[in-house]
Amino acid sequence: MSKTCIIIPCFNESKRLRLDYYHELLPNLLKIGCKVIFVNDGSTDDTFSILQTNFGKYSEIISIIKNSGKANAIRYGGLYALEHYSL
């Protein structure tokens, strides 16, 4: 089993998310045991609901209430991964 976790920070990405790309990629990552975490970084658009609707069965979707920057979103995702997966 892979000990790889991919963290994808998202802020107001509702119009830029390439749904077709992720629908093809995420099932393949799951097959090899890779974990994927989307971190919604305080988006004010529909990013969080789009992530939940489209990728909830393939990945973890977590949300930070207030935008705190890409680095903090990645840090938050990393801490989540360490707490919830045996990495």
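Values below: all heavy atoms of this structure, side chains included; hydrogens, waters and symmetry mates excluded. Since we're looking at a predicted model, the values are computed, not measured.
- Atom CD1 of Ile7 is separated from atom OH of Tyr80 by 11.5 Å, given to the nearest 0.5 angstrom.
- Between His23 and Phe55, the ring-plane angle classifies as tilted under the 30° and 60° cut-offs.
- Between Leu26 and Phe38 there is a side-chain heavy-atom pair separated by less than 4.5 Å.
- With rounding to the nearest 0.5 angstrom, the OH atom of Tyr76 is 11.0 Å from the CG atom of Asn40.
- Within the model, atoms SG of Cys34 and NZ of Lys3 stand 14.0 Å from one another, a figure rounded to the nearest 0.5 Å.
- Contact of the Leu17 side chain with the Tyr22 side chain is registered, since non-hydrogen atoms from C-beta on lie closer than 4.5 Å.
- For Ser43 (side chain) and Asn12 (main-chain N/O), a donor-acceptor pair under 3.5 Å exists by modelled atom type.
- Legend: residues meeting side-chain hydrogen bond (donor to acceptor under 3.5 Å, both in side chains) with His84, ordered by chain and number and at least two apart, are absent.
- Partners of Arg16 according to the side-chain hydrogen bond (donor to acceptor under 3.5 Å, both in side chains) rule, which considers only residues two or more places apart in sequence or in another chain, are Glu13.
- Linking ILVMFWY side-chain heavy atoms closer than 4.5 Å, directly or via other members, places Phe11 and Val36 in two distinct hydrophobic clusters.
- Put simply, CG on Leu51 and OG on Ser63 are 9.0 Å apart, with the number rounded to the nearest 0.5 Å.
- In terms of hydrophobic clustering, with Ile, Leu, Val, Met, Phe, Trp and Tyr side chains grouped at heavy-atom distances under 4.5 Å, Ile32 and Ile8 are assigned to a common cluster.
- A distance of 7.5 Å separates NZ in Lys35 from CG in Leu30, rounded to the nearest 0.5 Å.
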Run the side-chain donor-acceptor check on residues 64-74: report pairs under 3.5 Å with partners two or more places apart or on a different chain.
from  : atom 1 : to    : atom 2 : distance (Å)
Asn67 : ND2    : Asp41 : O      : 3.0
Asn67 : ND2    : Asp41 : OD2    : 3.1
Ser68 : OG     : Asp41 : OD1    : 3.4
Ser68 : OG     : Asn72 : ND2    : 2.7

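- Separation of atoms CD1 (Ile50) and CG (Leu19) is listed at 7.0 Å; rounding is to 0.5 Å.
- The minimum heavy-atom distance between Gly77 and Ile37, with the atom names listed, is O-CD1, 3.6 Å.
- Two different hydrophobic clusters hold Ile6 and Leu79 under the rule that ILVMFWY side chains link at heavy-atom gaps under 4.5 Å.
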